[in-house]
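As the structure is a computational prediction, the values presented were derived from the model and not from experiment.
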Amino acid sequence: MAELRSTRSRAKTVLLVPAAGGGDGIGHLERCLRLARALGRGVTFLTVRMDTSARAELKDRLRRWSSGARPAVADDLGDGSAFDLVLLDARRSSPGFIQELGRYGPVIGLDEGGNGRACAAFLIDAIPGGRGRDDPPNVRSIACLDLPPRSHRTVRVPFQKVLVTFGGEDRDDLCGATVDLLIGGGFFRPRQIHLVEGPLFARRAWPDGVEVMHPAEGLRELLPEYDLVFTHFGLTALEAAACGVPVILLNPSTYHARLAAQVGLPSIGVRRPDGRLLGKLLNDVGMLRDSLEAINATIGRDRGDGLARMVGGLTPSGPWKLCPVCSSEGNRVVARFSDRTWRRCSRCGIYFQQRFSSETGRYQKSYFFSEYRAQYGRTYLQDFQTIREACRPRVEMLRRLLPADPDGAVVDVGCAYGPFLSAARDAGLAGYGLDVFEGAVRHVREKLGIPAITGSFETVRRRDLPRRIAAITFWYVIEHFSDIDFVLDKTAALLPTGGVLAFSTPNYRGISGRRSLRAFLERSPIDHVTILSPHRLSWILSRYGLVLRRVRVTGHHPERFPGLLGRAAPGTIVHRLVSLASRALRLGDTFEAYAVKGDS
């Protein structure tokens with residue numbers, strides 16, 4: 001059964017890495033500050049993606065916080081630094097940068113649009129549209145924007161009070177271009193315009209009568225005061241729309257304009273505003289009203305502290321950077337799901353997952369009874385004889401590889417209620433059970449009369465195992481280990497020369513994995529950390545002094561073949577031919593491996 005290390009619960013530590021200044025504006029920093037307040041203690045800001053002005057702005061903001069809740073700020077981190085989560089909030093990041101951050105913990109990419117996206121341990125896409133359509137995230141949810149409740153139910157016309165805001169930096173002077181058009185084109189009088197001068201603005205003069213503001217903590221609470229907002233595509237635009245305030249965009253790039261079009265927010269140009277388009281929008285309030293209704297229908301009830309709840313709920317476990325077998329780095333992500341990320345090792349070829357859910361396999365009484373019955377129609381003990389018969393080919397293979405009179409016991413890790421141990425005893429092999437579930441171990445000892453102990457293979461002491469060991473078996477257990485390298489190394493150390501390692505496990509090169517790898521990985525149980533295949537298994541085992549002697553591909557399912565082949569009725573010629581092809585081509589969804597420890 002599952003062999004999972006337990007860890008003591010403690011406060012979660014989070015490293016926030018926002019990009020700010022130097023063309024990135026201040027929106028990413030604003031979002032991270034809001035997240036830091038919601039997360040509370042255990043937060044550190046890393047400023048490597050912030051310029052001097054942005055760092056000064058961060059430190060000025062944090063000085064206003066109470067000392068007990070104030071996050072730490074670091075311009076650099078030592079090699080020994082470690083965090084439960086590293087959240088990167090930047091427009092674009094390189095693979096090298098995300099891999100560098102991975103030294104400190106699993107990297108969560110928030111609306112990441114760079115090539116480094118594929119390297120992040122977990123991806124959250126909160127802003128609608130964007131690159132996630134081609135490279136799906138773990139979670140896509142507008143709820144992670146923490147949008148405010150709707151305060152305006154109707155568009156207030158005529159527009160009397162107008163807000164112009166283009167972020168904390170506005171390097172392209174979109175504020176100036178917009179104000180010049182609004183006043184010069186006769187659309188609004190200066191006194192109707194309120195302009196937000198961001199903390200990173202260069203010095204500039206504004207027309208007389210325009211009210212210039214310097215809000216200390218963002219605009220969120222001020223937005224409902226206005227009848228119309230001019231900005232670019234981003235968080236402020238979506239917050240204003242969520243409040244029910246009409247938004248008109250002047251975007252800094254075609255990328256922003258494309259995102260705005262996908263969401264349905266009206267624009268008046270890229271960098272240079274078009275007065276004709278502006279006049280059309282102001283004269284057709286229905287267009288502005290329709291965009292608000294469409295966006296609020298998309299948002300629905302997904303408002304509030306969604307990002308904090310998402311980040312606070314992520315509980316990473318399992319290997320997240322290095323291959324758990326060969327410790328290689330740079331392993332690409334092959335599939336993402338809401339609770340886990342799968343990677344493939346470029347060196348040894350195994351698939352391994354990092355979990356982000358607190359859910360793990362718990363092999364207690366319910367697993368063997370109610371859960372087992374729900375899946376197979378009977379309890380584990382009711383199925384005992386059938387399982388024992390299925391174990392006989394495994395015992396026969398062991399007998400072929402072991403001496404005629406083995407000097408030692410067969411240690412069955414994850415022995416459950418002992419069907420394999422019972423079959424091994426019938427064949428004259430001494431057995432010894434190990435399982436995490438005390439109820440199953442007690443059954444093996446008292447009902448079968450076979451020695452067994454409760455415990456995890458990872459932590460069991462040598463003195464608690466048989467004095468002499470002939471073989472160690474892991475029947476559908478090895479995939480549960482987070483540190484399979486440790487397990488194989490310990491197994492090799494326990495075995496004498498000529499001792500046998502035997503295990504069964506899912507096969508990603510079976511028909512299910514070949515037909516749809518993503519579907520295969522999605523169906524894989526949450527507590528299956530690694531998925532192997534016979535491919536390169538010989539090389540993997542040789543690293544531990546183990547020589548692969550036999551591979552038996554099992555789990556043949558003709559009904560899983562695509563098209564008409566998989567729909568053939570059992571007993572028909574087509575069904576039999578597909579079954580034969582599955583065996584000949586080794587397309588079973590599981591396999592057994594048998595290896596012998598060589599001379600050291």
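A distance-only check finds no donor-acceptor pair linking the side chain of Arg289 to the backbone of Val155 [under 3.5 Å]. No donor-acceptor distance shorter than 3.5 angstrom exists from the side chain of Arg191 to the backbone of Gly209, with no hydrogens or angles considered. Remark: the backbone N or O of His480 is not paired with any side-chain donor or acceptor of Asp527 at under 3.5 angstrom. Judged by distance alone, the side chain of Asp51 and the main-chain N or O of Gly22 form a donor-acceptor pair under 3.5 Å. Remark: the backbone N or O of Gly23 is paired with a side-chain donor or acceptor of Glu169 at under 3.5 angstrom. Side-chain N or O atoms of Ser267 include none that pairs as donor or acceptor with a backbone N or O of Gly269 at under 3.5 Å. The backbone N or O of Gly68 sits less than 3.5 Å from a side-chain atom of Arg41, completing a donor-acceptor pair. Looking at Gln192, its side chain does come within 3.5 Å of a backbone N or O of Arg189 through a donor-acceptor pair. Judged by distance alone, with hydrogens and angles left aside, the side-chain atoms of Ser516 form a donor-acceptor pair with the main-chain N or O of Ala519 at under 3.5 Å. For the pair Arg150 (side chain) and His152 (backbone), a donor-acceptor distance under 3.5 Å is present.
Of the inter-residue distances, the one linking Ser338 atom OG with Glu522 atom CD reads 8.5 Å to the nearest 0.5 angstrom. To the nearest 0.5 Å, atom CG of residue Asp76 and atom CG of residue Leu46 are 7.5 Å apart. In this structure, the separation between CD on Glu221 and CD on Glu239 is 9.0 Å, given to the nearest 0.5 Å. From Asn331, atom CG reaches atom SG of Cys323 across 6.0 Å, with rounding to the nearest 0.5 Å. Taken from CG in Leu29 to CZ in Arg55, the straight-line distance is 12.0 Å, to the nearest 0.5 Å. Atom CG of Leu228 and atom CG of Leu288 lie 7.0 Å apart (nearest 0.5 Å).
Of all heavy-atom pairs spanning Gly275 and Phe187, the tightest one is O-CZ, 3.7 Å. Closest approach of Leu521 and Ala335 over heavy atoms only: CD1-CB, 3.9 Å. The minimum heavy-atom distance linking Cys144 with Ile124 is given by the pair SG-CG2, 3.8 Å. Across all their heavy atoms, Pro128 and Phe233 have their closest contact at O-CZ, 4.3 Å. Among all heavy-atom pairs drawn from Ser291 and Gly264, the shortest one is CB-O, 3.2 Å. Of all heavy-atom pairs between Pro506 and Ile531, the closest is O-CG2, 4.0 Å.
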- Item | Check against side-chain contact (heavy atoms from CB on, under 4.5 Å), Leu145 and Arg31 | CA-CA 9 Å; Leu145 287 179; Arg31 180 156 59 169; 3.6 Å; yes

- Go through the steps to decide whether Arg355 and Asp339 satisfy the test side-chain contact (heavy atoms from CB on, under 4.5 Å), and finish with yes or no. CA-CA 6 Å; Arg355 300 186 297 271; Asp339 56 355; over 6 Å; no

- Message: Using the rule given for ring pair (Phe, Tyr, Trp, His ring centres under 6.0 Å), can you reason through Phe83 versus Tyr104, listing the C-alpha separation, both sets of side-chain angles and the distance that settles it, and then say yes or no?
- Response: CA-CA 6 Å; Phe83 297 84; Tyr104 309 118; 7.1 Å; no

- Could you go through the salt bridge (charged side-chain N to carboxylate O under 4.0 Å, His left out) check for Glu30 and Arg61 one step at a time? CA-CA 10 Å; Glu30 294 276 9; Arg61 294 282 191 94; 2.7 Å; yes

- Going through the checks in order, is the side-chain contact (heavy atoms from CB on, under 4.5 Å) test met by Val247 and Phe230? CA-CA 6 Å; Val247 178; Phe230 288 88; over 6 Å; no

- Task: Show your reasoning for whether salt bridge (charged side-chain N to carboxylate O under 4.0 Å, His left out) applies to Asp227 and Lys161.
- Result: CA-CA 5 Å; Asp227 303 322; Lys161 192 174 181 182; over 6 Å; no

- Check against side-chain contact (heavy atoms from CB on, under 4.5 Å), Arg340 and Ser524: CA-CA 11 Å; Arg340 47 189 161 162; Ser524 182; 4.2 Å; yes

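At most 12 non-hydrogen atoms from other residues, nucleotides or ligands lie less than 6.0 angstrom from CZ of Arg271. Under a cut-off of 6.0 angstrom, the local environment of CZ in Arg518 is crowded, with over 12 non-hydrogen atoms contributed by other residues, nucleotides or ligands. Residue Asp75 qualifies as enclosed at atom CG: its count of foreign heavy atoms under 6.0 Å is above 12.
When side chains are defined from C-beta on, Tyr351 does not count as touching Thr530, because their heavy atoms never get closer than 4.5 Å. Within the 4.5 Å cutoff, side-chain heavy atoms of Leu77 are placed close to those of Leu15. Side-chain contact between Arg344 and Tyr508 is present, with heavy atoms from C-beta onward closer than 4.5 Å. Looking only at side-chain heavy atoms (C-beta outward), Glu57 and Ile26 come within less than 4.5 Å of each other. Contact check for Leu292 versus Pro246: side-chain heavy atoms found under the 4.5 Å cut-off. With contacts defined as side-chain heavy-atom distances shorter than 4.5 Å, the pair Leu87/Val17 does not qualify. Looking at heavy atoms from C-beta onward, Arg332 lies out of side-chain contact with Ser346 at the 4.5 angstrom threshold. By the 4.5 Å heavy-atom criterion applied to side chains, Tyr226 and His194 are counted as neighbours.
Judged by distance alone, the side chains of Gln354 and Trp342 never bring a donor and an acceptor atom under 3.5 Å apart. Side-chain polar atoms of Asn251 and His256 form no donor-acceptor pair below 3.5 angstrom. Thr341 and Asn138 form a side-chain donor-acceptor contact under 3.5 Å, judged by distance and modelled atom types alone. Defined by atom type and a distance below 3.5 Å, a donor-acceptor pair is present between the side-chain atoms of Glu371 and Ser366.
Paired with Pro273 under the rule side chain to side chain contact (heavy atoms under 4.5 Å, CB included), one option of Asp180, Ile268, Leu174, Val179 passes, and it is Ile268. Looking at Asp111, Leu147, Ile127 one by one, the single match for side chain to side chain contact (heavy atoms under 4.5 Å, CB included) with Leu235 turns out to be Leu147. Each of Leu195, Val245, Val196, Thr231 was scored for a side chain to side chain contact (heavy atoms under 4.5 Å, CB included) with Leu163, with one residue passing: Val196.
For the pair Arg343 and Phe122, the cation does not sit on the ring face, since its NZ or CZ is not both under 6.0 Å from the ring centre and inside 45° of the axis. Both tests hold for Arg49 against Phe97: distance to the six-membered ring centre under 6.0 Å, angle to the ring axis within 45°.
Salt bridge Arg117/Glu112: absent, no basic N to carboxylate O contact under 4.0 Å. Under 4.0 Å is where a charged nitrogen must lie from a carboxylate oxygen, and between Asp146 and Arg34 no such pair does.
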